[in-house]
Amino acid sequence: MAKEKTDVLHGSLALMVLRTLETLGPQHGWGIARRIEQISGDVLALNQGTLYPALLRLEQMGWVASKWGESENGRRAKFYSITRAGRKQLETESAQWERISGIISRFAKPTGEPL
Amino acid sequence: MTALRVLLRRVLGLAQPLEREMEEEVGFHLDMQIAENIRRGMTPQAAREAALREFGGIAHTKELWRETHSLPFVQVLWHDLRFGLRMLRRNPGFSLLAILCLTLGIGATTAVFSWIEGILLRPFPTVAHQERLMAIAGTNRGEPGHTDVSSPDFADFRKNCRLIEAFIGDRITGTTLSIGDQAERATASVVSANYFQALGVHPILGRGFEPQEDFGRNGHPVTVISYRVWKERFGGDPNIAGRTQMLNGMPHTIVGVAPQGFLGTFVGWAMQFWVPSSMEELFDSGGYKLDDRGAQWIEGFVRLRPGVTEAQAQAEISAVARRLELEYPATNRGRGVKLYPLYQTPFNNARTMLPTLSIAVVVVVLVLLIACANVSNLLLVKAFGRRHEMTVRIAVGAGRGRLLKQLLTEGLILSAVSSAGGLLVAHWCRNLLVLLLPARGGTTMTLPGEIDWRVLALSTGICLAVTLLFGLVPALQTGKIDLASSLKSDSGGVVGGKRKALVRSALVLVQVALSFVLLVGAGLLFRSLRGVQATDPGFSPRVLSTYIDWVSAGYTPQRAREFSEELIERLSATSGVESAAFVRVPPFTYRSFSSAPIVVEGYEPARDEQPQSDFDEVGPGYLATMGIPLASGREFTRADTDTAPLVAVVNEAMASQYWRGQDPVGRRFQAKGKWLQVVGVVRMSKYRTLTEVARPFFYVPIRQSSLGMSLVIRTHLAAETMAKALARHVHDLDGSLAPGEMITMQEQVDRTTSFQRVAVTMLGVFGGLALLLAGIGLYGVMSYSVSQSRRELGLRMALGADAAVLLRLVMSQGLALTAGGVVLGALAAVGLSRLIGPMLYKVGPRDPVAFGLAFVVMTAASLAACFVPAWRAAHTDPLRALREG
């Protein structure tokens with residue numbers, strides 16, 4: 001492969017899933033996977049399979065809910081939606097990410113300032 | 001909170017495995033991806049491959065999902081359990097043998113711990129906070145052993161000790177309980193009025209005792225009866241409180257009924273009723289003692305305040321005792337007081353059971369270890385048989401840790417089943433101790449095991465420890481499987497054969513060594529018991545003794561005297577009877593002798609010495625009847641009445657201690673404030689136990705009183721014949737009286753050694769069990785090694801070795817193992833037998849006879865265990881062995 005892909009950082013998958021569900025509303029697993037790949041511009045090497053255990057964990061935490069329904073092509077599929085607790089979690093987690101990524105980027109691009 | 005919810009969902013996940021839904025979801029995902037890929041222009045084949053690649057490992061995802069969905073270790077355990085059960089069912093012979101070995105080991109251990117719990121640690125059912133209870137007894141400076149405590153001292157301790165919450169007075173007594181037309185010997189207690197309240201025991205009907213009921217000479221004839229008496233003798237009458245019951249000839253008001261399960265506070269005996277301290281004179285021998293500081297009769301308990309240590313309480317009460325010593329030198333000089341943990345209580349059967357049960361703990365732990373070694377050996381053989389299965393499982397990717405877990409789970413099933421069986425064994429055995437002990441005076445002892453949560457916890461702990469003990473060796477051995485060579489040669493090659501044989505031999509070595517230790521212990525205790533039994537008690541063991549209870553018939557002292565004189569006359573006239581005499585307390589009974597401080601004319605005691613001696617009241621001709629010879633002087637005659645000058649007969653120990661070897665006949669000493677003239681000296685005899693050290697003792701003539709008395713008879717008639725003759729005489733004199741059981745003094749003496757016999761029996765039984773287990777172990781190892789070397793044996797035979805040579809070859813192998821075990825065992829026994837040294841009588845802890853005996857028995861047992869495999873080896877058919885090999 002020509003493009004260098006980056007592994008999904010541990011813990012960041014949850015943030016991506018929650019944000020996707022918040023923006024798009026209820027989605028099935030494949031839809032979530034597609035969306036994440038599109039947003040990341042196919043740079044992220046998401047092993048699509050790892051999404052399902054992650055969804056299960058989010059559901060156990062009470063941040064997403066799941067329901068069986070009918071997909072756009074008329075097949076039975078499991079749809080996930082974000083819960084109220086999930087939205088709250090999404091807020092705290094994105095705030096934290098921004099803070100951390102700000103710090104990391106200062107390390108990644110040294111400006112000559114003494115550390 | 002979130003963590004809790006996750007856990008809850010996972011636990012729920014155990015109950016609803018949604019595998020199928022997950023598979024459907026994954027299937028849907030793949031289909032969508034394939035459709036998408038085709039739309040991008042791939043061939044169906046390529047689209048499918050790309051979709052699978054992008055998804056990542058499906059199996060891996062499912063595994064991850066499963067782990068997240070519920071609690072994986074529980075599922076694995078469940079799986080292992082089911083698999084283990086299947087494996088055990090497939091080898092029922094092996095499983096049964098292993099479970100049997102373990103059940104015996106765990107059952108014996110649990111039973112002993114339940115006895116320790118029920119007899120030593122928490123001996124008083126329904127009593128609250130027994131960990132804060134301690135026994136209290138007096139001491140005499142410079143003298144070993146304990147004494148009882150006097151009422152005034154007890155009251156002073158109660159008044160002055162701040163660290164002690166309650167002083168609980170107690171004194172065992174006995175009487176005949178006649179209700180309706182049914183009479184029965186009953187054990188009872190004279191207790192302080194605070195008894196029930198301080199113990200935290202609430203009568204289910206009526207009340208306990210009230211403070212004023214401690215005082216007034218025989219002033220409060222009230223009683224609390226036991227639940228059993230209430231149910232069985234009074235038919236559970238709900239209006240029992242207020243009823244009157246004759247006790248020792250005096251009407252008593254029943255004021256309460258003790259709760260079910262409460263048996264009093266005397267280890268070994270269940271009480272039938274309780275009376276308050278004020279009734280002491282009526283129920284205890286030796287007269288009115290409540291105001292007499294020199295009269296020791298209370299066997300008490302104290303309850304420490306919460307947080308107070310033994311040492312603090314002991315320091316405080318000792319300080320009070322020292323003050324009393326200064327204040328009342330006449331009675332208290334040299335007197336101290338000591339607190340004991342309940343399991344060391346010196347005056348009840350805790351003391352007699354403590355050494356026996358301590359030995360029992362060591363013994364059952366040894367038996368348990370032997371059982372573990374046996375099961376370990378069995379598992380090793382089985383593991384060898386399963387090496388193919390293990391190899392395949394490793395080959396298909398099972399981790400060694402996973403394999404280890406599986407094997408330990410199988411071990412856990414074995415020990416869990418055995419632990420359950422062990423609890424059953426312990427439950428059945430809870431009253432076994434009483435069966436080993438003889439009934440006394442018509443009542444049986446109560447020494448129950450108690451299976452409470454502590455024993456259950458301990459049993460669980462043992463179960464886990466045992467699993468590790470016997471399961472780990474084979475499991476680790478299996479972990480060493482060499483994959484390649486194992487798969488290659490499945491039948492011939494012995495995987496780790498040498499090693500495994502070594503481990504198994506080591507296990508047998510340990511078994512033999514442990515059994516040897518037990519055999520030495522059994523031998524030592526047995527020799528000690530023989531030594532005790534061979535000790536001369538100093539009186540004739542063929543003399544018969546019985547008890548005549550005229551107290552409950554309400555005799556006056558005058559009537560008692562007339563009755564006893566008449567009875568002695570009739571007995572003397574009976575053919576076959578040499579002589580008969582009354583005695584207050586015959587030797588070797590539980591009833592204790594009276595004790596008094598003495599002042600000896602012409603003897604200057606050391607500064608802090610308070611001369612003191614036990615004494616007994618005896619009738620005319622008692623010493624001759626008992627066969628205790630006089631060293632000088634005379635014994636009492638019918639002329640030594642209450643109105644005659646006061647006289648005494650002293651024993652040799654008293655003569656040599658206070659008269660320094662001069663003949664004391666004609667000299668005087670003072671006891672209980674009265675001067676007594678010595679008229680005779682008797683040779684030493686034993687008073688309480690065969691192993692006691694010689695101590696001063698004196699006899700005085702029987703005083704007139706209404707107390708019941710024992711009768712000793714010198715006769716060549718058998719006990720039953722004599723009992724009938726006596727019953728006839730007694731009935732002729734008074735139809736309402738019946739004598740108690742008639743036994744020889746020898747039986748009386750044997751009863752005091754019954755606890756030693758229990759210890760010997762227990763060690764004998766367990767020693768035999770250990771020997772059997774070790775024998776099975778040895779047999780197993782030898783037959784296995786014979787079956788493994790059939791080829792070699794056949795070859796040797798073909799080359800001309802005859803049967804005798806092969807027999808010797810195998811036997812010598814087995815005996816070498818035994819010899820190694822015996823050497824190890826002997827070393828261990830030399831170290832361990834010192835622990836039972838204090839229990840041994842006239843036998844050293846390294847007694848060569850005991851060691852020799854153990855050696856002979858062990859060798860004989862191992863010869864027997866090795867003979868069958870050796871015989872089989874000697875009769876190997878060389879042709880068949882070579883062809884099959």
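Below, chains carry the letters A, B, ... as their sequence lines are ordered, and counting in each starts from 1.
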Query raised in the report: Going from CD on B:Glu25 to CG on A:Leu56, what distance comes out if it is rounded to the nearest 0.5 angstrom?
Result: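 Output value for this atom pair is 9.0 Å.
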
Query - Value rounded to 0.5 Å, distance of CG in A:Leu51 from CZ in B:Phe55 - result: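 Separation between the atoms: 8.5 Å.
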
Query raised in the report: Top residue by heavy-atom pair count (under 4.5 Å) with chain B, among A:Ala85, A:Ala54, A:Ala77?
Result: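 With the most close heavy-atom pairs to chain B, the winner is A:Ala77.
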
Query raised in the report: What pairs meet the salt bridge (Lys or Arg N to Asp or Glu O under 4.0 Å) rule with one or both residues in residues 76-90 of chain A, with sequence neighbours excluded?
Result: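 Every salt bridge (Lys or Arg N to Asp or Glu O under 4.0 Å) pair that includes a residue of residues 76-90 of chain A, provided the two are not neighbours, is A:Arg76-B:Glu24.
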
Report task. With sequence neighbours left out, write down each residue that passes side chain to side chain contact (heavy atoms under 4.5 Å, CB included) with B:Thr43, or none if nothing qualifies. Result ->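 B:Thr43: side chain to side chain contact (heavy atoms under 4.5 Å, CB included) contacts with B:Gln45, B:Ala46.
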
Report task. Taking all heavy atoms of B:Phe28 and all of A:Asn73, pick out the closest pair and write down the distance. Result ->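 Closest approach of B:Phe28 to A:Asn73: CE1-OD1, 4.5 Å.
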
Query - Close approach to chain B in residues 60-70 of chain A, criterion heavy atom under 4.5 Å - result: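 Contacts with chain B: A:Gln60, A:Met61, A:Gly62, A:Trp68.
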
Query raised in the report: Heavy atoms under 4.5 Å from chain B: which residues of residues 22-29 of chain A carry them?
Result: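 Expected list: A:His28, A:Gly29.
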
Report task. Report yes if some heavy atom in the side chain of A:Arg34 is under 4.5 Å from a heavy atom in the side chain of B:Met32; otherwise report no. Result ->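 SC-SC contact between A:Arg34 and B:Met32 ruled out.
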
**Report entry** Engaged part of A:Gln89 at the chain B interface, taking heavy atoms whose separation is under 4.5 Å
**Finding:**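 Looking at A:Gln89, nothing touches chain B.
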
Report task. Evaluate side-chain contact (heavy atoms from CB on, under 4.5 Å) for A:Arg75 paired with B:Asp31, printing each intermediate quantity in order. Result -> CA-CA 10 Å; A:Arg75 276 190 59 175; B:Asp31 288 347; 2.5 Å; yes

